[in-house]
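Only one structure is covered here, and it is reproduced in the block below.
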Amino acid sequence: MNEHSKTKTTNKGHLHPLTQTINDIVRIFGEVGFEVADGPEVESEYYNFDALNVPKDHPARDMQDTFWVKTRINAEKDADGNEKYVLRTHTSPVQIRYMETHKPPLKIIVPGKVFRNEATDATHEAQFYQVEGLSVGENISMADLKGTLEYFFKRFFGDAVRVRFRPSFFPFVEPGAEVDISCFKCGGAGCGVCKHTGWIEILGAGMVHPSVLRGVGIDPARYSGFAFGGGVDRFAMLKYGVDDIRLFYSKDLRFINQF
């Protein structure tokens with residue numbers, strides 16, 4: 001047997017940890033009837049802000065938070081007739097696009113890349129992945145939102161995890177809430193990971209604002225809905241114990257091959 005006829009060992013590739021995390025999220029929400037929806041990463045100001053009830057003077061529209069795009073081929077016009085586009089700052093515009101073309105009841109999950117004009121450090125990136133969820137139908141309540149998120153977190157992080165809601169404000173939901181999970185490291189006793197509170201902030205959520213529903217032709221007197229959104233990278237960091245978000249984008253195989 002000559003040297004060329006010997007069997008060569010080839011290392012098999014595998015999915016990136018963020019892709020694995022997205023697949024897990026999609027699979028778990030799929031178990032309770034959510035379908036995957038997608039949309040453009042270059043988005044109009046109307047879909048990214050206006051249709052989501054974000055005021056014209058909201059700080060999120062400032063250059064420090066948003067990447068504005070000067071031109072776009074075949075650009076649509078926004079509500080004011082201006083062709084103003086951004087790199088989407090969240091995946092919420094997909095909710096608006098989906099509701100414009102689908103009638104309730106509907107349940108979607110929207111994973112995708114988003115962009116923020118901010119400095120990069122261990123917990124922040126200029127680009128990262130986010131996942132949004134939306135459910136609209138008759139008699140949807142905060143209880144449905146809580147039950148859905150508790151189901152997801154227990155399937156994703158394990159049965160021991162606890163979930164709590166804290167009142168908060170987001171322009172496109174009312175009422176709104178910050179959602180925390182019990183610290184996976186200390187079990188709620190308090191440690192450095194949870195800043196000695198026993199809880200870790202994980203995502204924002206709430207009931208879809210009536211004006212948002214009205215804007216896409218859905219009668220808020222008949223239908224209600226909940227929405228939520230969080231960072232896929234943060235989910236992965238918490239689940240796998242990663243302390244620097246930049247590692248996911250480093251292309252360092254010593255890191256990637258651990259998953």
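Not measured: the values here are computed from a predicted model.
Judged by distance alone, the side chain of His14 and the main-chain N or O of Ile256 form a donor-acceptor pair under 3.5 Å. The closest donor-acceptor contact from the side chain of His16 to the backbone of Tyr249 lies at 3.5 Å or more, if one exists at all. In this structure a side-chain-to-backbone donor-acceptor pair under 3.5 Å is missing from His102 to Arg97. A donor-acceptor distance shorter than 3.5 angstrom exists from the side chain of Gln130 to the backbone of Thr91, with no hydrogens or angles considered. Side-chain N or O atoms of Asp180 include none that pairs as donor or acceptor with a backbone N or O of Arg166 at under 3.5 Å. The backbone N or O of Trp199 sits less than 3.5 Å from a side-chain atom of Thr197, completing a donor-acceptor pair. Looking only at distances, no side-chain donor or acceptor of Lys107 sits under 3.5 Å from a matching main-chain atom of Gly137. No side-chain donor-acceptor contact under 3.5 Å links Glu174 to the backbone of His209. Side chain of Arg88 to backbone of Lys113: a donor-acceptor contact under 3.5 angstrom is found. Side chain of Asn117 to backbone of Phe67: no donor-acceptor contact under 3.5 angstrom is found.
Neither side chain, Thr89 nor Asp65, offers a donor N or O lying under 3.5 Å from an acceptor on the other.
With sequence neighbours excluded, the residues that form a salt bridge (Lys or Arg N to Asp or Glu O under 4.0 Å) with Asp252 are Arg254. Residues forming a salt bridge (Lys or Arg N to Asp or Glu O under 4.0 Å) with Arg155 (at least two apart in sequence, or on another chain): Glu31.
A 6.0 Å sphere centred on CG of Asp121 holds more than 12 heavy atoms belonging to other residues, nucleotides or ligands.
The pair Glu201-Arg234 fails the salt-bridge criterion, with no side-chain N (NZ, NE, NH1 or NH2) lying under 4.0 Å from an Asp/Glu carboxylate O. For Lys56 and Asp50, the salt-bridge test passes: some basic side-chain N is under 4.0 Å from an acidic carboxylate O.
Counting all heavy atoms, side chain and backbone alike, Ile109 lies closest to Gly133 at CD1-CA, 4.0 Å.
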Without placing hydrogens or testing angles, list every side-chain donor-acceptor pair under 3.5 Å for residues 213-229, not counting sequence neighbours.
residue : atom : partner : partner atom : Å
Asp219  : OD1  : Ala221  : N            : 2.9
Arg222  : NE   : Glu138  : OE2          : 2.9
Arg222  : NH2  : Glu138  : OE2          : 3.3
Ser224  : OG   : Ile140  : N            : 3.1
Ser224  : OG   : Ile140  : O            : 2.7

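Note: Phe157 and Phe235 have perpendicular aromatic rings, judged against thresholds of 30 and 60 degrees for the angle between ring planes. Between Phe172 and Phe170, the angle of the ring planes stays under 30°, which puts this pair in the parallel group of the 30/60° scheme.
Aromatic pair Tyr151/Phe29: ring centres not closer than 6.0 Å.
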